[in-house]
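Quick caveat, the model's predicted, so the values are computed rather than measured. Every chain is numbered from 1, with letters handed out A, B, ... down the list of sequences.
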Number of protein chains: 2
Amino acid sequence: MFSKSCEYGLRATIFIAEQSSSNQVVGLKTIAKAINSPEAFTAKILQVLTKNNIISSIKGPHGGFRIEESRMKEIKLIQIITILDGNKIFYGCGLGLDQCDENFPCPLHNQFVKVKEELRMMFETNTLQDILFTENVKNMFWLKR
Amino acid sequence: MFSKSCEYGLRATIFIAEQSSSNQVVGLKTIAKAINSPEAFTAKILQVLTKNNIISSIKGPHGGFRIEESRMKEIKLIQIITILDGNKIFYGCGLGLDQCDENFPCPLHNQFVKVKEELRMMFETNTLQDILFTENVKNMFWLKR
DNA sequence: TAAATAAAGGATATTTAGATCCTTTTATCT
DNA sequence: AGATAAAAGGATCTAAATATCCTTTATTTA
């Protein structure tokens, strides 16, 4: 469904959000361990997310990554997905046709539109805030299982 | 959403089905042209589909590929997808977690389950027969646009 | 039976995603 | 100021997906 980059990016962002909600700045090593991802590769993804103003980074000793409290309710998961994977998953033809739309639909067009729209709404409506409020955020991380 | 292999495989199968419904055997070249896919790569995919008894192949002059009339209503799209891409898309965790289920869900588990199940049902319920009966099958192919 | 045709199969090439390594920059602390 | 810590950035490397090429096998037709 999503690329590895996008999976790691989502997991990392949620983890950073979770830590930021208790004012913790977290470093790369900690993040990679928590979300079970390769460190150097995760670094690249965090760079992209930083440039796109999803997370912010702090260099030097005691540096790391964080998310402003005020951004939590602004950042929607769909932004992260779009940055890392584009929007083909939400708008592309499921059968891979270049030209497939209302006027010239593939046989599955209408069904695809329905489920893809539902998928899009799912990520459009969920903010980081929402995720943090769920019962099972901490399930995701390699902490105290 | 799907791999190229799977996209080509679905398009090719639908095309062969469409041709078979008027008793036409179609060769690789024709298929690749019709569905706008690389010929040799498509050949590999058709081999897999043949081995998996989705389509049947005929060697030698006037050979090609076809689908038995009786198979049309038996073959569900989900079979083709499962053969070519596995079932991760229907059952895997959207965030890429190894352990994510009812008992140990990620924050998006329930929402993912819902949309993934809908996606699965979409391909579970659509047979080749169903696709051939749709208004816009022919939209898919590079024939008389 | 020989020539031609088309899929099967094997080997190889190319591209992209995924991952790692090393150097540079920025900041902090002593 | 010098040492240290951590992210940024550049260069590579690896594996998997995608794609091509060539030979073999099966079948048909002349």
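- Of all non-hydrogen atoms in B/Met140 and A/Cys106, the two that sit nearest each other are CG-CB, 4.2 Å.
- Here C/dA19 presents its C1' atom at 12 Å from CD of A/Glu39, a figure rounded to the nearest Å.
- Here C/dA19 is the nucleotide among D/dA8, C/dA8, C/dA19 with the atom lying nearest to any side-chain atom of A/Phe41.
- In this structure, A/Ser5 does not reach the C/dA17 phosphate: none of its side-chain N or O atoms is under 4.0 Å from OP1 or OP2.
- Looking at every heavy atom in both residues, A/Tyr8 comes nearest to A/Ser37 through CD2-CB, 3.7 Å.
- The CG-P distance, from A/Leu84 to C/dA17, rounds to 12 Å in whole Å.
- A donor and an acceptor atom, one from each side chain of B/Ser57 and B/Thr50, are nowhere located under 3.5 Å apart.
- Look at CG on A/Leu46: it is 14 Å from C1' on C/dA19, rounded to the nearest Å.
- Here A/Lys51 does not reach the OP1 or OP2 of D/dA7: none of its side-chain N or O atoms lies under 4.0 Å away.
- Residue B/Phe65 contributes atom CZ, which lies 16 Å from atom P of D/dA26 at whole-angstrom precision.
- For the pair B/Ile54 CD1 and C/dA7 P, the computed distance is 19 Å after rounding to whole Å.
- Residue contacts shown for B/Lys29 are absent, as no nucleic acid heavy atom lies under 4.0 Å away.
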**OP:** Go through the steps to decide whether B/Lys116 and B/Glu118 satisfy the test salt bridge (Lys or Arg N to Asp or Glu O under 4.0 Å), and finish with yes or no.
**Re:** CA-CA 5 Å; B/Lys116 276 162 178 273; B/Glu118 199 163 332; over 6 Å; no
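- When rounded to the nearest whole Å, the span between CZ of A/Arg66 and C1' of D/dA7 equals 16 Å.
- Atom CD in A/Gln47 sits roughly 16 Å away from atom P in C/dA19 (whole-Å rounding).
- Axis deviation across the helix from C/dT1-D/dA30 to C/dT30-D/dA1 amounts to 0°, comparing end segments of five pairs, rounded to 10 degrees.
- Residue A/Ile45 contributes atom CD1, which lies 13 Å from atom P of C/dA17 at whole-angstrom precision.
- The side chain of B/Thr50 approaches C/dA8 more closely than any other nucleotide in the set C/dA19, C/dA8, D/dA7.
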List every contact pair, protein side and nucleotides 27-30 of chain C side both N or O, where the distance is under 3.5 Å.
none

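- The A/Leu28 side chain lies nearest to D/dA7 when the options are D/dA7, D/dT18, C/dA8.
- Here the straight-line distance linking atom CG of A/Leu132 with atom OG of A/Ser21 works out to 5.5 Å at 0.5 Å rounding.
- Closest contact between the side chain of A/Lys44 and the listed nucleotides C/dG18, D/dC21, D/dG9 involves D/dG9.
- Close to D/dT18, at under 4.0 Å from its OP1 or OP2, lies no side-chain N or O of B/Tyr8.
- Between A/Phe123 and A/Phe90, the two ring planes are tilted [angle within 30° to 60°].
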